[in-house]
*Asks:* 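My questions all concern the structure below.
Whatever order the structure lists them in is the order used to number ligands and atoms, beginning at 1. Position 1 is the first residue of the sequence; numbering continues from there.
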Amino acid sequence: MRITEAAVIVTCPGRNFVTLRLTTDEGVTGLGDATLNGRELAVAAYLTDHVAPLLVGRDPHRIADIWQYLYKGAYWRRGPVTMSAIAAVDVALWDIKGKVAGLPVYQLLGGRARERVLVYGHASAETIPGVLDRVQHFVDAGYRAVRVQCGVPGLPATYGVGQVVGRSYEPAEAGAAPVEATWSTERYLDVVPRLFAAVRERFGPDLHLLHDVHHRLTPMEAARLGESLRPYRPFWIEDPTPAENQRAFELLRAHTCAPIAVGEVFNSIWDCQDLITQQWIDYIRATVVHAGGITHLRRILDLADLYQVRSGCHGATDLSPVSMAAALHLDVSIPNFGIQEYMPHTAETDAVFPHSWRFERGDLYPSEEPGLGVSLDEEAAAAFPYRPAYLPVNRLEDGTLHSW
Ligand code: CS2
Ligand code: MG
């Protein structure tokens, strides 16, 4: 069996998505997601110009060898653009292997380790009462885990913490340049414990509550947040402080027992190594698309298992349904599954990427179809051309650029 074509499809059914389609001489095709929010065209060019020509003529069953060839053969290692491109190839090859075997991908990964995949939804609003209404919506739909975020009083809508009514708050805003928002750590640290208190008071002790800090605090500010949330038992605090300097997590760990989740911006096992092996975190959030595909993410998750770190794969809507399908096959098959993020896509996106995973009462169930269980309607995709869109930036009140 040989790869005969590697095609890159860019579409924007609400969000930009980059998809790799591999075709073989036996007519079997495979899909991989290559979307890198705000830098989509860089990965598309990397694939079209530098990877596609290397794939034609190769045996698609040699997944591990092709992975090593693209990783080591480039000389330039790691980085989100390279690793997203490799991920797309890797996932498309797993899709092909599953279709040839007549098995869903999770069966190739060792089969089911659990019956279902626990997910969390996003309850976000400007005000605390607004968030309570959103949480009620998730509880009514059967969710047992919800991420709660509210606006910071006195600041206009801030990325990831509030919501402008009628406009979605993430993961990106269409436009030629990022929106600029304002940030105040003190006001934020004041409002989040009040939000958690209100949610616990109304919904009781059983609902899992998560919160995303989007890398905005110093380690000691994050420790203060962890301690102030302690009475409300957070499931996790995500990205409390930037992870470039990983010793920051050692410091944070020494001052709070709040569970910590990190990793959505990581792209290699080397980014995760210290955090995992030093047990400075509780959940690793790397994704299939940005961390080198199923092959590489499984290595990360295996390393994590040795150190009692569980998975919490990133699942925002800037990851295409192809990535979500791949994540679910991993989630259901690994021993150290924790939770899966789930933000349903727009109806337009679901129409462009028909898929057969299933949501039921707070859990997702991976597809039982051979391969990933996702297809791409290329005619529908062509109706939604690429539109520039970027994640916002944050400035402090004096204009200093802050972490987003
Ligand atoms: C967020 C993401 O889902 C999350 O946890 O942090 O929405 C993230 O901001 C985007 O995926 C960035 O592309
Ligand atoms: Mg996040």
*Asks:* When you measure from the centre of the six-membered ring of Tyr69, is the NZ or CZ of Arg62 closer than 6.0 Å and no more than 45° off the axis?
*Replies:*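 Pair Arg62/Tyr69 does not count as cation-pi.
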*Asks:* For this output row, return yes or no: ring centroids of Phe359 and Tyr143 closer than 6.0 angstrom.
*Replies:*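 Yes.
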*Asks:* Check Asp212 and report its N/O/S atom nearest to the Mg ion (ligand 2), by atom name.
*Replies:*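 For Asp212, the N, O or S atom at the smallest distance from the Mg ion (ligand 2) is OD2.
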*Asks:* For the Mg ion (ligand 2), give me the closest N/O/S atom belonging to Glu264, just the atom name.
*Replies:*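 This residue's closest N, O or S atom turns out to be OE1.
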*Asks:* Could you tell me, atom by atom, which parts of ligand 1 come under 4.0 Å of a heavy atom of Arg285?
*Replies:*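 Taking each heavy atom of Arg285 in turn, ligand 1 has 4 (C), 5 (O) under 4.0 Å.
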*Asks:* Ring of Tyr232, cation from Arg200 - is the NZ or CZ under 6.0 Å from the centre and inside 45° of the axis?
*Replies:*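 Judged by the rule, Arg200 and Tyr232 form no cation-pi pair.
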*Asks:* Using a strict 4.0 Å cut-off to heavy atoms of Asn37, name the atoms of ligand 1 that fall inside it.
*Replies:*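 Here the atoms of ligand 1 in question are 12 (C), 13 (O).
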*Asks:* Any idea which part of Glu238 is under 4.0 Å from ligand 1, heavy-atom wise: side chain, backbone, both or neither?
*Replies:*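 Within the 4.0 Å criterion, Glu238 contacts ligand 1 through side-chain atoms alone.
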*Asks:* Quick one: does any side-chain atom of Asn336 pair with a main-chain N or O of Leu301 as donor and acceptor, under 3.5 Å?
*Replies:*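 Yes; judged by distance alone, with no hydrogens or angles, the pair exists.
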*Asks:* ring-ring contact (aromatic ring centres under 6.0 Å, His included): which pairs involve residues 272-301, sequence neighbours left out?
*Replies:*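 For residues 272-301: Trp67-His296, Phe235-Tyr283, Trp236-Tyr283.
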*Asks:* Suppose I only count heavy atoms of His214 and a 4.0 Å limit; which atoms of ligand 1 are within that range?
*Replies:*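 So the answer, numbered in order with elements, is 1 (C), 6 (O), 9 (O).
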*Asks:* Please round to the nearest 0.5 Å and tell me the distance separating atom CD1 of Ile284 and atom CD1 of Ile269.
*Replies:*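 So the gap between those two atoms works out to 9.5 Å.
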*Asks:* Test side-chain hydrogen bond (donor to acceptor under 3.5 Å, both in side chains) on Gln279 and Arg253; report intermediate values, then the result.
*Replies:* CA-CA 9 Å; Gln279 298 184 294; Arg253 203 59 154 172; over 6 Å; no
*Asks:* Please say whether His314 places an N or O atom under 3.5 Å from an N or O atom belonging to ligand 1.
*Replies:*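 His314 vs ligand 1: N/O contact under 3.5 Å present.
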*Asks:* Mark up the atoms of ligand 1 that fall under 4.0 Å of a heavy atom belonging to Asp212, in ascending order.
*Replies:*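 Per the distance check, 1 (C), 4 (C), 5 (O), 6 (O).
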*Asks:* Should you measure from each heavy atom of Ala316, which atoms of ligand 1 turn up under 4.0 Å away?
*Replies:*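 Selected atoms, number and element: 2 (C), 3 (O), 7 (O), 11 (O).
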*Asks:* Of all N, O or S atoms in Glu238, which has the smallest distance to the Mg ion (ligand 2)?
*Replies:*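 Going through the N, O and S atoms of Glu238 one by one, OE2 ends up nearest to the Mg ion (ligand 2).
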